[in-house]
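Working notes, beginning with the structure itself.
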2 protein chains.
Amino acid sequence: MSTLVGDAARREPKYYAVKRHLLDIIESLPPGSLVPTERELTVRLGTSRTTVRQALSELVGEGRLVRRQGSGTFVAEPKLSWPLQVSSFTAQATAHGFVPSTRLLESKKVRADEPVAGLLHLAPGAWIYRLERLRLVNDAPMAVETSHLSAERFPGLNTRLRGASSLYAVLTEHYGVVPASAEQTIETAAASPREAELLDTDTGAPMLVLARHSFDANGEPLEWVRSFYRGDRYKFLARLTV
Amino acid sequence: MSTLVGDAARREPKYYAVKRHLLDIIESLPPGSLVPTERELTVRLGTSRTTVRQALSELVGEGRLVRRQGSGTFVAEPKLSWPLQVSSFTAQATAHGFVPSTRLLESKKVRADEPVAGLLHLAPGAWIYRLERLRLVNDAPMAVETSHLSAERFPGLNTRLRGASSLYAVLTEHYGVVPASAEQTIETAAASPREAELLDTDTGAPMLVLARHSFDANGEPLEWVRSFYRGDRYKFLARLTV
DNA sequence: AGCGACAATTGGACTAGACAAATTGTATCG
DNA sequence: CGATACAATTTGTCTAGTCCAATTGTCGCT
């Protein structure tokens with residue numbers, strides 16, 4: 001019954017004491033500094049390497065430390081704030097002084113599975129384009145983006161996109177379609193081996209997942225996009241006016 | 001040089017095979033179902049309990065599983081989408097059919113440290129009110145919210161808030177202040193022991209951290225709030241119009 | 001029938017160690 | 001001097017186990 005009260009004296013895990021010790025070290029050093037090795041921390045703090053690594057992993061996931069195999073563990077740079085706007089990736093990056101680039105990983109015509117078909121108001125099995133793109137900022141991989149669009153509504157999108165800078169530009173110029181509204185969700189997840197490899201991080205690393213469902217002026221769904229951002233490097237920034 | 005290319009054949013960690021196996025099980029069962037015990041999975045998959053627990057922990061962090069000591073591990077309910085709006089917590093909850101409640105954890109007059117003072121345009125050491133509140137939805141703890149406001153600008157806020165339903169209502173009625181704009185950041189973090197206890201989860205559990213910096217019509221900062229949401233239970237939902 | 005003690009079972013925390021893979025400095029050789 | 005080979009050091013992955021804490025079912029007693 002008293003789940004809300006909670007165990008007032010839940011004891012602090014041992015790894016968390018290690019984490020606090022490491023936070024003290026981190027806050028006293030500039031980014032790029034070397035922190036003690038795992039094995040040195042085990043003897044200094046009288047614990048096992050497993051426990052030390054648990055504390056280190058959490059700090060790496062929070063973007064406070066960076067580990068390099070064979071080299072050591074270092075204090076990380078602060079997170080970069082990524083402005084969330086309706087404009088295109090390239091536009092919003094340059095507007096904030098970043099140097100954006102994109103690598104097209106895949107662009108295929110496939111059949112929609114149940115959830116995607118529903119989101120795009122199509123029958124399951126309908127043909128769709130599936131675009132996978134790697135977004136980079138200042139040459140550092142930031143996010144993996146997978147877009148889904150109806151192939152019937154946008155014939156030849158595949159080839160029209162080659163060489164084009166922006167998907168939204170192609171939609172407007174060739175199909176006369178302009179996104180009018182969107183619904184976005186933001187959640188956390190752990191990186192799959194594939195995402196980890198593309199983003200140059202570890203499997204299981206914490207990610208920010210942004211899913212955007214955009215509609216045209218008639219309220220018909222245009223595209224559905226899911227983007228995986230490195231949670232240790234980036235945070236989202238939104239400006240609101242009442 | 002070729003950091004972008006990446007090791008095409010980075011091998012999948014063993015724990016991830018366990019995770020995929022568990023995902024198969026999860027997708028074939030309704031929420032609330034019992035999944036095999038850790039010790040059974042170790043023998044069935046020919047691995048160690050540590051490796052099994054790593055896969056389980058990731059799935060718990062992603063909100064796919066729930067563990068109960070002494071009882072077992074169960075398939076979790078899907079995440080709840082929490083609409084992000086400028087309106088107050090209570091208003092936005094009831095508008096979407098939820099039953100909100102708030103527990104005041106702390107309300108103290110303290111001195112502002114360097115970062116908070118800067119955000120509120122105050123001198124370091126200036127008096128501020130620090131409010132800590134636990135937000136609940138349908139009687140389940142959702143977020144821990146810590147607000148900071150200038151004590152000089154809002155004298156007696158402390159007592160005026162007792163019994164009042166909404167902070168924003170008090171600001172408007174007693175001080176004639178209306179928030180006009182805000183800047184929000186969203187990032188990931190790991191739960192501290194205190195946050196974990198209040199939100200009835202585990203230390204180190206993945207969290208969504210929302211920081212809101214709101215301003216009045218003159219562009220002067222009004223308050224700075226940091227909220228920790230359980231990342232395994234909730235995701236943020238935003239509606240955008242171009 | 002109901003209560004209480006107990007034992008079995010489950011997840012939680014931690015340890016100690018083995019071996020692999022990446023990096024870096026050093027010694028050696030041409 | 002420069003390139004190569006090697007060894008030491010560092011983090012990465014995984015194992016096997018101990019002990020603790022919470023839950024649940026069972027058995028026995030009243």
Side-chain angles (χ1 to χ4, degrees), chain A residues 1-3 5-19 22 33-61 65-76 191 193 196-197 200-205, chain B residues 1-3 6-19 22 33-61 65-76 190-191 193 196-197 200-205:
Chain A
M1 256 327 118
S2 64
T3 61
V5 178
D7 316 307
R10 201 191 304 208
R11 142 171 154 283
E12 176 189 77
K14 192 168 184 179
Y15 94 86
Y16 202 82
V18 179
K19 184 175 175 179
L22 280 162
S33 308
L34 193 62
V35 302
T37 69
E38 296 177 352
R39 283 168 172 94
E40 180 172 345
L41 287 165
T42 60
V43 301
R44 280 224 313 233
L45 302 176
T47 179
S48 72
R49 200 177 147 217
T50 312
T51 301
V52 168
R53 278 185 64 80
Q54 188 177 358
L56 287 169
S57 299
E58 222 164 79
L59 288 163
V60 168
L65 291 175
V66 174
R67 288 195 277 200
R68 281 213 305 273
Q69 186 173 354
S71 179
T73 305
F74 307 84
V75 177
E197 187 191 319
D200 193 26
T201 184
D202 300 315
T203 302
Chain B
M1 251 338 113
S2 64
T3 62
D7 315 307
R10 202 191 302 209
R11 141 173 153 284
E12 176 189 76
K14 191 167 184 179
Y15 93 86
Y16 202 82
V18 179
K19 184 175 174 180
L22 280 162
S33 307
L34 193 61
V35 302
T37 69
E38 297 178 352
R39 285 168 174 92
E40 181 172 345
L41 287 165
T42 59
V43 301
R44 281 226 310 234
L45 302 176
T47 179
S48 72
R49 200 175 147 216
T50 312
T51 301
V52 169
R53 279 184 63 80
Q54 187 178 358
L56 288 169
S57 298
E58 223 164 76
L59 289 163
V60 168
L65 292 175
V66 174
R67 288 195 277 202
R68 281 213 305 273
Q69 186 173 354
S71 178
T73 304
F74 307 84
V75 177
E197 186 191 321
D200 195 24
T201 184
D202 300 315
T203 302

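In what follows, every chain begins at residue 1, and chains take the letters A, B, ... in the order their sequences are listed. Not measured: the values here are computed from a predicted model.
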Mind checking what makes side-chain hydrogen bond (donor to acceptor under 3.5 Å, both in side chains) contact with [X], not counting sequence neighbours?
{"X": "B:Q54", "result": "none"}
{"X": "A:S48", "result": "A:T51"}
{"X": "A:R44", "result": "A:E40"}
{"X": "B:R49", "result": "B:E38"}

Measure [atom1]/[X] against [atom2]/[N] and give the value in whole Å, please.
{"X": "A:E12", "N": "C:dA13", "atom1": "CD", "atom2": "P", "result": "12 Å"}
{"X": "A:L45", "N": "C:dT15", "atom1": "CG", "atom2": "C1'", "result": "15 Å"}
{"X": "B:L65", "N": "C:dG11", "atom1": "CG", "atom2": "P", "result": "11 Å"}
{"X": "B:F74", "N": "D:dA22", "atom1": "CZ", "atom2": "P", "result": "17 Å"}
{"X": "B:L59", "N": "C:dG11", "atom1": "CG", "atom2": "P", "result": "14 Å"}
{"X": "B:D202", "N": "C:dG11", "atom1": "CG", "atom2": "P", "result": "14 Å"}
{"X": "B:L34", "N": "C:dG11", "atom1": "CG", "atom2": "C1'", "result": "12 Å"}
{"X": "A:E38", "N": "C:dT15", "atom1": "CD", "atom2": "C1'", "result": "15 Å"}

For nucleotides 15-21 of chain D, give me one character per nucleotide, 5' to 3': B if any protein heavy atom sits under 4.0 Å from the base, S if the only such contacts are to the sugar-phosphate, - if neither.
BB----B
Given DNA chain C, 5'-ward residue of the pair B:V35 and A:R68, judged by closest heavy atom:
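The residue whose closest nucleotide sits nearer the 5' end is B:V35.
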When you measure from the side-chain N and O atoms of B:R53 to the phosphate of C:dG12, is any distance below 4.0 Å, counting only OP1 and OP2?
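B:R53 to C:dG12 OP1/OP2: side-chain N or O found under 4.0 Å.
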Nearest to the A:Y15 side chain among D:dC14, D:dG12, C:dC14, which nucleotide is it?
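So the side chain of A:Y15 is nearest to C:dC14.
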Identify which nucleotide among C:dT23, C:dG11, D:dT10 has an atom closest to any side-chain atom of B:T73, counting heavy atoms from C-beta outward.
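Minimum distance to the B:T73 side chain belongs to C:dG11.
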Any side-chain heavy-atom pair from A:R67 and A:R53 closer than 4.5 angstrom?
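When only atoms from C-beta onward are counted, A:R53 and A:R67 do touch, with a gap below 4.5 Å.
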Any non-hydrogen side-chain atom of B:L41 less than 4.5 Å from a side-chain atom of B:L22?
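Answer yes - side chains close enough.
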Residues forming a side chain to side chain contact (heavy atoms under 4.5 Å, CB included) with A:V35, sequence neighbours excluded:
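For A:V35, the residues satisfying side chain to side chain contact (heavy atoms under 4.5 Å, CB included) (neighbours in sequence not counted) are A:I25, A:L65, A:T73, A:V75.
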